[in-house]
Number of protein chains: 2
Amino acid sequence: MFRQLGRLGHMPATPLESSEHRSGALLDHLARRMRLRSESVLAPLGLRPRHLVALTVLRAGGGTGQQALATILEMDSTNIVGLLNDLEAKQLIERRRSPEDRRRHVVELTADGAKRLSEAECALASAEDEVLGALDPAERETLYELLSRASTGTAPNCTEAICAADDPL
Amino acid sequence: MFRQLGRLGHMPATPLESSEHRSGALLDHLARRMRLRSESVLAPLGLRPRHLVALTVLRAGGGTGQQALATILEMDSTNIVGLLNDLEAKQLIERRRSPEDRRRHVVELTADGAKRLSEAECALASAEDEVLGALDPAERETLYELLSRASTGTAPNCTEAICAADDPL
DNA sequence: AAGGATCGTCTGTGCAGCACAAACTATTTA
DNA sequence: TAAATAGTTTGTGCTGCACAGACGATCCTT
């Protein structure tokens, strides 16, 4: 519990710049708006928003054990199983047993998965246009970059392993 | 249904610059992580994440009718009622009948509401630190600004009505 | 080799968010 | 007066999700 707000101008020397600008609620709000639109757009592709999230994380993170995935996504591992089952049934991911520890399933995006993910992202363009309509392309890119950095922990400059997987174009 | 993707390299001259950088999944992911932390932090204040979202929108938007609110939040209006009932019971918002159209309830943040919102945002600082740990303060401010602009439609510069309401302390 | 810990899987249970529908009041508008 | 609109209330059902229990497979001890 700090000073709460700027108050009456007699704050010592606290910069107070970014002060109470908490992004949480806005994040929630926009994510919801996005999700609502995504669902209908994604349905024809046989995906749901959370599949997209998982695929995105996998694309960024490479071969991950599923309990590591559970940690990243902050989901219960039992629910991860179902999620991955869906994706594996569609051959968008692959579960391979880790050679080091054969209990472990290493989850990886397949070529199909990367492709489908790109398609989905492409299909989401109009949804994003609606939700982020107030931002110009440069701002959206900035937003993407910030979100990307935040979500992959402290990754400074690795936001472009992204296009590596699927563009044999 | 456009061309789906770049496919086989015979795309005309599409720049393809920011290309497939869709923020949807990242937004979802971060919002979830944020929400999980928020819930426990907010509980002692008698609030839940969605209350925060509603309060935030109200703070930004001023006196809104509840069906307008339903549109903004993209929630069913029946659920808005319950949400507002919660907030009104805690005297964080006020429902006044609109003088122009007495059917309409104009919803407004009370002084208490603004205060509580600030407290909540303050309490969320640590949660945000965890989730946005990879971003420095300037970047977080940028993020906030982008999210704020996006969520209030095309609002360029009205993010600081914030500190006006509650500081008679 | 035996014991316990760990990873993943499957099943089931229960709660909460939320959309949807129907019925009602108060009020405005045609 | 009749119809449309804003809000409220209640109920129903689906879905997401956490949580728990049980199981097989595989490590890691000792």
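Numbered from 1 within each chain, the chains take letters A, B, ... in sequence-line order.
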> Residues in side chain to side chain contact (heavy atoms under 4.5 Å, CB included) with B/R96, at least two apart?
Replying inline: B/E94, B/V106, B/E108

> Should A/N85 be listed as having a side-chain N or O under 4.0 Å from OP1 or OP2 of C/dT9?
Replying inline: no

>> Whether B/N79 contacts C/dG17 is assessed here as follows: a side-chain N or O lying under 4.0 Å from the phosphate OP1 or OP2. Is that the case?
In response: no

>> My understanding is that only residues two or more places apart in sequence, or in another chain, count here; which of them pass side chain to side chain contact (heavy atoms under 4.5 Å, CB included) with A/R97?
In response: A/R102, A/H105

>> What's A/G82 touching, base or sugar-phosphate or nothing? Going by heavy atoms closer than 4.0 Å.
In response: nothing

> Between D/dT8, C/dT9, D/dG7, which nucleotide has the shortest distance from any of its atoms to the side chain of B/R95?
Replying inline: D/dT8

> Nearest of D/dC17, C/dC18, C/dT9 to any side-chain atom of B/M75?
Replying inline: C/dC18

>> I'd like to know if A/K115 and A/D112 make a salt bridge, using a cut-off of under 4.0 Å between side-chain N and carboxylate O.
In response: no

> Expressed in angstrom and rounded to an integer, what is the separation of B/L69 atom CG from D/dT8 atom C1'?
Replying inline: 15 Å

> Side chain of B/R149, backbone of A/A134: donor and acceptor closer than 3.5 Å?
Replying inline: yes

>> Checking B/R50 now: which residues fulfil salt bridge (charged side-chain N to carboxylate O under 4.0 Å, His left out) with it, not counting sequence neighbours?
In response: none

> Just by modelled atom types, is the B/L135 backbone N or O under 3.5 Å from a matching donor or acceptor in the B/R140 side chain?
Replying inline: yes

> Across the strands shown, which category fits B/R35 at heavy-atom distances under 4.0 angstrom: base, sugar-phosphate, nothing?
Replying inline: nothing

>> In whole Å, I'd like the distance from the CZ atom of B/R32 to the P atom of C/dG17.
In response: 14 Å

> With respect to the phosphate group of C/dA26, does any side-chain polar atom (N or O) of B/H105 fall under 4.0 Å of OP1 or OP2?
Replying inline: no

> To the nearest Å, how far apart are B/L42 CG and C/dA16 P?
Replying inline: 17 Å

> Measuring from B/I72:CD1 to B/L58:CG, what's the distance to the nearest 0.5 Å?
Replying inline: 8.0 Å

> To the nearest Å, how far apart are B/R96 CZ and D/dA6 P?
Replying inline: 18 Å

> Angle, rounded to 10°, between the helical axes spanning five pairs at each terminus of the helix from C/dG4-D/dC27 to C/dA30-D/dT1?
Replying inline: 20°

> B/N79: what forms a side-chain hydrogen bond (donor to acceptor under 3.5 Å, both in side chains) with it, not counting sequence neighbours?
Replying inline: none

Which atom pairs, one a donor and one an acceptor, fall under 3.5 Å between side chains of residues 37-48 of chain B and the rest of the protein, sequence neighbours left out?
residue: B/R37; atom: NE; partner: B/E130; partner atom: OE1; Å: 3.0
residue: B/R37; atom: NH1; partner: A/E74; partner atom: OE1; Å: 3.2
residue: B/R37; atom: NH1; partner: A/E74; partner atom: OE2; Å: 2.8
residue: B/R37; atom: NH1; partner: B/R33; partner atom: O; Å: 2.9
residue: B/R37; atom: NH2; partner: A/E74; partner atom: OE2; Å: 3.2
residue: B/S38; atom: OG; partner: B/M34; partner atom: O; Å: 2.6
residue: B/S40; atom: OG; partner: B/R37; partner atom: O; Å: 3.1

> By salt bridge (charged side-chain N to carboxylate O under 4.0 Å, His left out), which residues pair with B/R32, not counting sequence neighbours?
Replying inline: none

With the criterion being N/O to N/O and under 3.5 Å, what pairs connect the protein with nucleotides 25-30 of chain D, and how long is each?
residue: D/dT26; atom: OP1; partner: A/R102; partner atom: NH1; Å: 2.8
residue: D/dC27; atom: OP1; partner: A/R102; partner atom: N; Å: 2.7

> Tell me: CG of A/L83 to P of C/dC10, nearest whole Å?
Replying inline: 13 Å

>> Can you pull out every salt bridge (Lys or Arg N to Asp or Glu O under 4.0 Å) where at least one residue sits in residues 80-91 of chain A? Sequence neighbours excluded, please.
In response: A/E88-A/R95

>> Using whole Å, what does the distance between atom P of nucleotide C/dA19 and atom CG of A/L36 come to?
In response: 7 Å

>> So does A/L92 get a backbone contact from the side chain of A/T110, meaning a donor-acceptor N/O pair under 3.5 Å?
In response: yes

> Between atom CG in B/L84 and atom P in D/dG7, what is the gap in whole Å?
Replying inline: 9 Å

> Looking at B/E121 and B/R116, does any basic side-chain N land under 4.0 Å from a carboxylate oxygen?
Replying inline: no

>> Tell me which residues in residues 44-52 of chain B lie within less than 4.0 Å of DNA chain C, going by non-hydrogen atoms.
In response: B/R48, B/R50

> Does B/R104 place a side-chain N or O at less than 4.0 Å from the phosphate oxygens OP1/OP2 of C/dT28?
Replying inline: no

>> Going by the rule salt bridge (charged side-chain N to carboxylate O under 4.0 Å, His left out), which residues pair with B/E128 if we only count those two or more places apart in sequence or in a different chain?
In response: A/R22

Output one line per pair: protein atom, nucleotide atom from nucleotides 21-24 of chain C, and distance, for all N/O pairs under 3.5 Å.
none

>> Distance check, rounded to the nearest 0.5 Å: B/E145 atom CD versus B/T142 atom OG1?
In response: 7.5 Å

> Between atom CD in B/E39 and atom C1' in D/dA18, what is the gap in whole Å?
Replying inline: 11 Å

